[in-house]
Amino acid sequence: AQKMFHNEVGKIKTRQEAEQLSVKYIGRTGIVSELMKVIPKLPVDKRASYGKQVNALKDEMCRTLTDLINSLSLDKKPANKKEFFDVTLPGKPADAGKKHPITQTIDDIKDVFARLGFEVAYGPEVELEYYNFDALNIPSDHPSRTDFDTFYIKEDVLLRSQTSTVQIRIMEKQKPPVRIIAPGVVYRPDTVDARHSFMFHQVEGLLVDENVSFADLKGTLNQFIKSYFGQNVQMRLRPSFFPFTEPSAEVDISCSLCNGKGCSVCSYSGWVEILGAGMVDPNVFEAVHYDAEKYTGFAFGLGVERVAMLKYGINDIRLFYENDIRFLSQF
Ligand code: PHE
């Protein structure tokens, strides 16, 4: 078989012939397998050495054929024509990864507040009921505590429904002055549509010091809105209620950003709500053992998706979570 093989190899001219030869000799039903089939018929003491010999033969054939096939494939290239290579052609740009638009938005928000002296803090997404509700002065019969508004993991343990939890965690550890923002994911059992998701992002803000007033809150938010959206965007405060702030407000911005292509997150009134805010309620200070006579503070919680949708004219929140590269590569 070895002689026959080398004989035939000598006659090979094309790659196709070489491949056929490889099937004939070392294919699944080829000559080498036939040789192997003999083994059980041999006397026991001959079997091992015979098997070794056949294996060595197979290895050798395999090497010869691989070299042959490789060399024949190279030969296919035009031998005498010099290949023309245009060195002035632009190269193919490598596909670079990018930050997700939500991450970019959070980074931009962090930048603005960093300039105002805010540090970044984080808290857990799996939270105790205490941090999500009790310490935030949310009464035990408040509707936001029901299964309709909060994902419970088990009694006392839940997926946080707001980043206000981080206010408590920071104040427990740190004495005033406090000046933090806390970006992160929150969860609420909402039905998914163009404006709602069961998971979204917030940036919480908290500032506590002596003599902090509502004017400081308004000034800080105004500074943020002008820096982030542009100088001609207007801000409006509407009286509201949150158990952990008193007084409380909801903050709208003017929809001038959405002109042209229209903007589905804007209401017909021309204003859109982007955050809730207020002066920290004394009951919250009590929960973290801060002296409510000495210190005052403000807090706010901003919806990141809402802000990103306004800034970039995105009309469907689901686009953020579908990971469609045609959407993501636009940012
Ligand atoms: N936690 C509130 C919400 O999710 C927002 C908020 C934060 C309001 C801080 C006031 C102060 O709606």
Side-chain angles (χ1 to χ4, degrees), residues 106 109 113 116 118 120-125 127-139 142-146 148-151 158-171 178-190 195-209 212-222 224-225 235-253 265 272-285 287-288 290 292 295-307 317:
I106 291 174
I109 295 169
F113 283 104
L116 298 173
F118 285 77
V120 181
Y122 298 95
E125 289 170 28
E127 205 24 302
L128 295 173
E129 204 172 10
Y130 175 78
Y131 291 99
N132 204 82
F133 296 121
D134 301 306
L136 287 164
N137 194 38
I138 299 177
H142 195 274
S144 70
R145 289 191 182 236
T146 63
F148 299 105
D149 286 311
T150 302
F151 286 113
L158 43 74
L159 295 178
R160 70 177 176 196
S161 62
Q162 48 183 356
T163 45
S164 302
T165 53
V166 187
Q167 292 185 34
I168 306 299
R169 288 190 169 272
I170 292 297
M171 287 191 284
V178 170
R179 200 183 272 230
I180 55 122
I181 56 165
V185 180
V186 300
Y187 302 85
R188 291 179 195 178
D190 281 329
R195 286 145 156 274
H196 298 91
S197 169
F198 50 82
M199 182 218 85
F200 58 98
H201 297 75
Q202 289 188 326
V203 173
E204 191 81 6
L206 174 69
L207 185 146
V208 183
D209 207 340
V212 178
S213 73
F214 199 90
D216 297 316
L217 169 61
K218 195 173 168 188
T220 303
L221 293 177
N222 194 50
F224 162 69
I225 284 162
M235 172 179 103
R236 172 175 95 165
L237 274 70
R238 276 180 295 109
S240 185
F241 175 80
F242 298 102
F244 35 93
T245 48
E246 182 61 33
S248 304
E250 280 174 314
V251 179
D252 300 340
I253 62 167
V265 277
V272 59
E273 184 197 326
I274 61 162
L275 61 88
M279 302 305 290
V280 180
D281 193 289
N283 287 343
V284 173
F285 282 151
V288 297
Y290 273 18
Y295 299 108
T296 48
F298 64 71
F300 59 87
L302 164 153
V304 177
E305 278 78 355
R306 183 63 72 79
V307 160
I317 195 171

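In listed order, ligands and their atoms are each counted from 1.
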> So which protein heavy atom does atom 2 (C) of ligand 1 come closest to, and at what separation?
Replying inline: Gln162 OE1, 3.7 Å

> For atom 5 (C) of ligand 1, what is the nearest protein heavy atom, given as residue, atom name and distance?
Replying inline: Gly301 CA, 4.0 Å

Check whether any N or O atom of [X], backbone or side chain, sits under 3.5 Å from an N or O atom of ligand 1, and answer yes or no.
{"X": "Arg188", "value": "yes"}
{"X": "Ser164", "value": "yes"}
{"X": "Gln167", "value": "no"}
{"X": "Glu204", "value": "no"}

> side-chain contact (heavy atoms from CB on, under 4.5 Å) with Gln167: which of Val178, Leu206, Ile180, Val208?
Replying inline: Leu206

> Do the side-chain N and O atoms of Gln202 and Gln162 include a donor-acceptor pair separated by under 3.5 angstrom?
Replying inline: no

>> When you compare the side chains of Asn132 and Ser161, does any donor N or O come within less than 3.5 Å of an acceptor on the partner?
In response: yes

Can you name the atoms of ligand 1, numbered from 1 with element, that are less than 4.0 Å from a heavy atom of [X]?
{"X": "Ala277", "result": "8 (C), 10 (C), 11 (C)"}
{"X": "Ala299", "result": "9 (C), 11 (C)"}
{"X": "Phe300", "result": "7 (C), 9 (C), 11 (C)"}

> Tell me, do Ile168 and Val288 make a side-chain contact under 4.5 Å, heavy atoms counted?
Replying inline: yes

> Under 4.5 Å between any side-chain heavy atoms of Pro143 and Phe148, yes or no?
Replying inline: no

>> Between Glu273 and Arg306 (salt bridge meaning N to carboxylate O under 4.0 Å), is one present in this structure?
In response: no

>> Check for me whether Phe244 has a heavy atom closer than 4.0 Å to any atom of ligand 1.
In response: yes

> If you draw the axis of the six-membered ring of Tyr131, does the NZ or CZ of Arg160 fall within 45° of it and under 6.0 Å from the ring centre?
Replying inline: no

